[in-house]
Amino acid sequence: MPYTPVDLAKDPDLGLSQTKSAPSRLDWLPYVTIAILLTVLYYRVAVKLVYDWYTIPDYSHGFLVPLFAAFLIWDKRKVLKATPIKQTWSGIVLVVFSIAVLTLGVYGVELFTARISFIMLMTGLIATLFGWAMVRELRFPLLVLVLAIPFPAILFNRITFPLQLLASRIASDILPLLGVPTLHEGNVIELPVMKLEVAEACSGIRSLMSLFTLAVFYGYFLERTTKRRVILALASIPIAVTANVARIVGTGLCVQYWDPEKALGFFHEFSGWVMFVVSLGCLYLVHRAMRLISPSKAKLS
């Protein structure tokens, strides 16, 4: 039945229902356009990043990081809805800078620069469309995404080589206490049976990165104070280093008293998984110790 102008005047909802639907759909058009542009800009960067997660064992935890960041946003949905939206042009400065960084990363063949520009660009877009108050609420999910980005090669080497030297030096000091004489030179431990080289893969960076990421996850779910979360994350560093030293010592003992071929094969690979599980147990013990030392604060958190 057609409505006359009189009917529309009597029931204003009939007229409003038809005029509200179109603008509500058009409101999503800028966001869809931005999403398409982001896909075009970062498609190749994202594909290479996922490939690195799959092929580089040191960053296999990268698959979990975006899911965790998405959960963080969903977990704060009530706070985000209550945050006032104040659009600002100041975010455009960061957007333009991020695109420039992306350009330098792509044409300068520096993957880390191109990848980190995405987080910077998202920060600028959020500030522009929703305001800096929204950025403050989303700063933790944005920072978490950094854990999924592999370090640049120059920085990675500066981390792994000192870890190799540290692990080999400590292991060479412990093995004589267990009856295995050693001669330490650089990252090589010379045993009576053979030379044991602490290679880059044995530096402990793999377990360190994975354990640090899991410590961030663990702290978020089981602690409510930033201080305790930071302590748990930092505690993962000495735990990972200690576990790697224990793994090298165990390999040295197996080389000396068992079978060098099996020690460098099955035992070396299997002990990596075992020591990672032990590291998780140590992280749990650190958390329990924190609660025992200050139980009142633990309850308040």
Side-chain angles (χ1 to χ4, degrees), residues 38-73 94 97-124 138-167 187 198-220 230 232-234 236-241 243-244 247 269 272-273 275-276 279-280 283:
L38 287 175
T39 303
V40 172
L41 284 174
Y42 286 95
Y43 173 74
R44 293 182 180 274
V45 177
V47 169
K48 182 62 171 66
L49 179 60
V50 173
Y51 178 79
D52 287 347
W53 292 344
Y54 183 75
T55 56
I56 302 177
D58 300 338
Y59 289 94
S60 57
H61 62 271
F63 288 101
L64 299 176
V65 174
L67 299 177
F68 179 63
F71 172 80
L72 292 175
I73 297 174
L94 185 56
F97 178 73
S98 303
I99 295 176
V101 172
L102 171 64
T103 304
L104 291 174
V106 171
Y107 290 99
V109 198
E110 178 51 62
L111 293 175
F112 180 80
T113 305
R115 291 162 176 173
I116 205 70
S117 68
F118 175 77
I119 301 177
M120 299 165 57
L121 181 57
M122 290 301 300
T123 303
L138 292 173
R139 63 184 182 276
F140 185 55
L142 289 171
L143 289 174
V144 162
L145 293 176
V146 178
L147 297 174
I149 301 178
F151 291 151
I154 185 171
L155 180 59
F156 187 81
N157 293 333
R158 286 184 175 271
I159 295 175
T160 54
F161 188 63
L163 285 175
Q164 288 174 255
L165 296 180
L166 177 64
N187 63 326
V198 181
E200 182 180 291
C202 304
S203 63
I205 187 65
R206 182 183 307 175
S207 58
L208 175 58
M209 293 301 301
S210 299
L211 188 64
F212 183 84
T213 302
L214 290 178
V216 173
F217 296 176
Y218 181 88
Y220 179 83
V230 171
L232 283 172
L234 295 179
S236 66
I237 298 176
I239 290 174
V241 172
N244 188 53
R247 182 188 181 192
E269 295 298 327
W273 289 100
M275 294 313 301
F276 187 74
S279 299
L280 291 177
L283 188 66

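Just so it is clear, the model here is predicted, and its values are computed rather than measured. Nothing fancy with the numbering, it's 1 onward along the sequence.
- With values rounded to the nearest 0.5 angstrom, L64 atom CG is found 9.5 Å from W53 atom CH2.
- Rounding to the nearest 0.5 angstrom, the gap separating the CG atom in L72 from the CZ atom in F140 is 5.5 Å.
- Of the inter-residue distances, the one linking Y220 atom OH with L232 atom CG reads 15.0 Å to the nearest 0.5 angstrom.
- With Y59 contributing its side chain and F151 its backbone, the two residues share a donor-acceptor pair below 3.5 Å.
- L214 CG to M209 CE: the interatomic distance, rounded to the nearest 0.5 Å, is 11.0 Å.
- Note that CZ of F97 is 12.0 Å distant from CG of L102, once rounded to the nearest 0.5 Å.
- The side-chain contact (heavy atoms from CB on, under 4.5 Å) check on T213 picks up H61, V65, L147, F217, with sequence neighbours excluded.
- V50 places a side-chain heavy atom less than 4.5 Å from the side chain of F63.
- When all heavy atoms are compared, the tightest approach of A148 to L49 is O-CD1, 3.7 Å.
- Residues L163 and N244 have side chains not in contact (no heavy-atom distance under 4.5 Å, counting atoms from C-beta outward).
- The minimum heavy-atom distance between L94 and G124, with the atom names listed, is CD2-N, 3.5 Å.
- Heavy-atom minimum distance, A233 versus F212: O-CD1, 3.3 Å.
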Side-chain atoms of residues 114-122: list all donor-acceptor pairs with protein atoms under 3.5 Å, sequence neighbours left out, distances to 0.1 Å.
residue, atom, partner, partner atom, Å
R115, NH1, D52, OD2, 3.4
R115, NH2, D52, OD2, 2.6
S117, OG, Y42, OH, 3.0
S117, OG, A114, O, 2.5

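- A 4.5 Å side-chain heavy-atom check between L111 and V45 finds every atom pair outside the cut-off.
- For S60, the side-chain contact (heavy atoms from CB on, under 4.5 Å) test picks out no residue, with sequence neighbours left out.
- Put simply, CG on L143 and CG on L138 are 11.0 Å apart, with the number rounded to the nearest 0.5 Å.
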